[in-house]
Amino acid sequence: MNIDKDEDVKKHGAFYYIFWSVAAAALLWLNYDFLYAHLSSNAEKVNNYVPQYDELEKYELPAVASWFYLEKAQDAGLDTGYYFGSGYKRQNKFPKILIVPQEGYKYSATVTAKAYWELAQSGKKFRNVIMLIPACDEKTAGIWLPLFDNIKLSAGSNIAVNEKIVQGMFSNGWKAGNQAFAGREYWKKHLFFLQKINPHFSVVPVIYGSATSQELSAGLEQYLYDDATLLIFFADLSTYYDRQKKADGEKRFEALPVSDGRPCGDAGIETALHYAKQMRMSSQLIDGYANDGQEEEIRASWKYDLWLSEKKEEEKDELPTLIEREAKSIGLYVQQYGAALTEIADKSLAEWLNGHKKYKPSRGEYPERLFDKAAVFVSLYNHGTMRGESGSLRAKQAAALEVAQHVRAAASEDVRFDSVKPEELADLEIRITFLTDYERLDFKDEEGLLAVMKPGIDGIVLRDGNRQGLFLPSMWQEFSDKREFLTQLKLKAGMSPTYWSDKLKAYRFRTVEIKKNGN
């Protein structure tokens, strides 16, 4: 055995081990930022954000039976059958919207039953029912959706909550939680009538407090044109029952009185009126009851029929596009986490300006959802003058990391401006802008492109080969018209003002902005 040769092998083995260890360490060091961003980012994107709540709220208490909804299922069936009665003729029109008494008072059952009986006689089966239930107190604010999976009735039957519709409504800024439903079980009693007509349907109960008709309309619009979906509005009609007759004596629901205050559920009625006008519906009083004034009675049930004057397909309003839905989801995200994101921007900017340190937010400091991926632009302003901007076109890393990184880059790497100085920190305004995905614009020439651009709303990306320019929607404020906007965007992309090519592509996107003013 050659001892010297054996020692050489050991030396060479140690050398290679050290060499590759150093090389691996160097590679990790050079790619530290990339690896950190990758490992610190969730797979989910903020564009698809849906608020998450306590899973314990997936359970819901049974309804309380009233005098005309008995405890046993067979009794409840007989009861609703009694109220339905007979003698109605089959119709060739399907009620799309019903306004029914809010509470289950003694005399309102017969009135309500006649409104629901219109559904049975129409020959049309509904599959989804959205119930708009007013909260008649000052404590409940906003619009609330349930978290429970089904509706438990005192008679023992369950009706499923339509989870797909509930999730779709989250994007309108509506809230979720079962606390708003506590103590308001009267609406469940109406489900017995609906089950008598159609045993196979799902339901979405919606509780609204101090909400406007516009806020309700925003969440219901897309379901207005779905023939399988029925809208039911609960309201107290007693305060203006006698005023809803036209001069010719016809029983029509015409307008809301405002002189004696607004009754509970007025926002829902206004929404129904708006839809009736929009879809050219006919409104009709089905039945009413006037008592002697000793009880607070609800005395009318209204329906809206889809008559032959229903809108043609080409006249119907367009449903929200993908980028519009994403903008609503991002808006919910910003509403929940905006304060934490501005805190990250403050820390990152301060540490960079005061010591050139790169601040990296960690999961231990901030909520988990801040590490969902996002496309973010950060802009810095000093008394209204831009001092720098940096951002990403695609959601590649966590929102928290995007904000921390781009606020530094905006202060020091934007070649259009001098680097931000530490003494400017107190006067800086930080604007954090989240971007949706992109929607390609369809056009044949420059005039066509100008025609499809929406001033003040669209962010625009212009691309031709390796030349590309982006303007956020906020840039519309800087230019007098579409043509100047497009000209300046061409210049930003490295094109001449008169440049045009058949290969030119343009994309629109939406944004949600957070502003953090300087001291």
Side-chain angles (χ1 to χ4, degrees), residues 46-47 320-327 330-331 334 374-396 402-403 405-407 409-420 429-515:
V46 304
N47 303 42
T321 64
L322 177 61
I323 60 173
E324 289 169 339
R325 292 197 297 269
E326 285 187 0
I330 295 173
V334 165
V376 176
F377 266 74
V378 179
S379 307
L380 300 178
Y381 288 82
N382 191 334
H383 298 289
T385 301
M386 180 176 278
R387 291 293 289 114
E389 184 179 55
S390 177
S392 57
L393 295 177
R394 294 287 183 183
K396 295 181 179 178
E402 284 279 293
V403 170
Q405 173 185 322
H406 290 303
V407 75
S412 59
E413 297 177 14
D414 193 333
V415 295
R416 299 172 296 173
F417 308 97
D418 293 334
S419 295
V420 174
E429 178 190 35
I430 303 174
R431 298 181 187 177
I432 304 169
T433 305
F434 284 79
L435 280 60
T436 66
D437 210 334
Y438 302 91
E439 180 182 282
R440 184 169 176 177
L441 296 176
D442 185 21
F443 55 89
K444 295 181 179 179
D445 51 29
E446 184 163 322
E447 293 303 317
L449 175 56
L450 291 169
V452 296
M453 291 165 56
K454 297 180 180 180
I457 299 175
D458 286 343
I460 300 292
V461 175
L462 201 62
R463 177 182 294 173
D464 189 356
N466 60 356
R467 290 180 291 183
Q468 178 173 283
L470 176 147
F471 273 164
L472 299 174
S474 58
M475 290 300 293
W476 286 102
Q477 310 171 37
E478 308 294 327
F479 309 113
S480 58
D481 55 32
K482 290 183 179 182
R483 197 171 297 279
E484 185 183 0
F485 181 96
L486 182 57
T487 296
Q488 295 299 323
L489 183 54
K490 286 181 180 180
L491 292 173
K492 185 176 182 181
M495 308 171 189
S496 68
T498 59
Y499 178 82
W500 189 259
S501 167
D502 291 338
K503 296 181 180 179
L504 190 71
K505 297 177 182 178
Y507 304 83
R508 68 157 52 102
F509 60 93
R510 298 284 190 268
T511 61
V512 178
E513 186 178 76
I514 311 169
K515 289 185 179 181

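Just so it is clear, the values below take in all heavy atoms, side chains as well, and ignore hydrogens, waters and symmetry mates.
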Those residues that, when tested against D437, pass salt bridge (charged side-chain N to carboxylate O under 4.0 Å, His left out) (two or more places apart): R394

Please report the interatomic distance CD1(I330) to CZ(R325), rounded to the nearest 0.5 Å. 13.0 Å

Which is it for R510 and E326 under the salt bridge (Lys or Arg N to Asp or Glu O under 4.0 Å) test, yes or no, and what are the steps along the way? CA-CA 8 Å; R510 298 284 190 268; E326 285 187 0; over 6 Å; no

Work out which heavy atom in V403 is nearest to a heavy atom in V378; give both atom names and the distance. O-CG2, 4.2 Å

d(E324 CD, E439 CD) to nearest 0.5 Å is 7.5 Å

Nearest 0.5 Å, please: how far is CZ in R431 from NZ in K515? 4.5 Å

Has the side chain of D445 got a donor or acceptor atom that lies under 3.5 Å from a matching backbone atom of G448? yes

How about V461 and Q468: do any of their side-chain heavy atoms sit closer than 4.5 Å? yes

Inter-residue atom distance S392.OG - L470.CG, 0.5 Å rounding: 10.5 Å

Looking at residues at least two apart in the chain, or sitting in another chain, which of them share a ring-ring contact (aromatic ring centres under 6.0 Å, His included) with Y438? F509

If we only count heavy atoms from C-beta on, is the T436 to T511 side-chain gap below 4.5 Å? no

Scanning both residues in full, the closest heavy-atom pair of S419 with S412 reads OG-O, 3.6 Å

Quick one: are P455 and K482 in side-chain contact, heavy atoms under 4.5 Å? yes

G469 versus A493, closest heavy-atom pair with distance: N-CB, 3.4 Å

Between CG on residue L449 and CG on residue L504, distance to nearest 0.5 Å: 7.0 Å

Mind checking whether F434 and V46 have side chains closer than 4.5 Å, heavy atoms only? yes

Is a side-chain donor or acceptor of D481 paired with a backbone partner of E484 at a separation under 3.5 angstrom? yes

If we only count heavy atoms from C-beta on, is the L486 to L450 side-chain gap below 4.5 Å? yes

Looking at E447 and R483, does any basic side-chain N land under 4.0 Å from a carboxylate oxygen? yes

Looking at K454, is its backbone amide N or carbonyl O close enough to the side chain of R508 to form a donor-acceptor pair, meaning the two atoms are under 3.5 Å apart? no

How many angstroms lie between atom NZ of K505 and atom CG of L462, to the nearest 0.5 angstrom? 12.0 Å

Assess whether side chain to side chain contact (heavy atoms under 4.5 Å, CB included) is satisfied between E513 and I432, documenting all intermediate values. CA-CA 6 Å; E513 186 178 76; I432 304 169; over 6 Å; no

Residues pairing under salt bridge (Lys or Arg N to Asp or Glu O under 4.0 Å) where one sits in residues 493-502, two or more places apart or in two chains, turn out to be none

Steps toward side chain to side chain contact (heavy atoms under 4.5 Å, CB included) verdict (V452, D442): CA-CA 8 Å; V452 296; D442 185 21; over 6 Å; no

Restricting to pairs with a member in residues 375-390, which pass salt bridge (Lys or Arg N to Asp or Glu O under 4.0 Å), not counting sequence neighbours? R387-E424, E389-R416

What pair of heavy atoms forms the shortest contact from F443 to A506, and how long is it? CE2-CB, 3.7 Å

Would you say the side chain of F417 lies within less than 4.5 Å of the side chain of M386, judging by non-hydrogen atoms? yes

Which residues pass the side chain to side chain contact (heavy atoms under 4.5 Å, CB included) test with F485, not counting sequence neighbours? M453, I460, F471, M475, W476, F479, L489

By side chain to side chain contact (heavy atoms under 4.5 Å, CB included) - contacts of S390 (at least two apart): H406, A409, A410

Would you say the side chain of S379 lies within less than 4.5 Å of the side chain of Y381, judging by non-hydrogen atoms? yes

Begin from the C-alpha positions of V376 and L435 and carry the test side chain to side chain contact (heavy atoms under 4.5 Å, CB included) through to its verdict. CA-CA 6 Å; V376 176; L435 280 60; over 6 Å; no

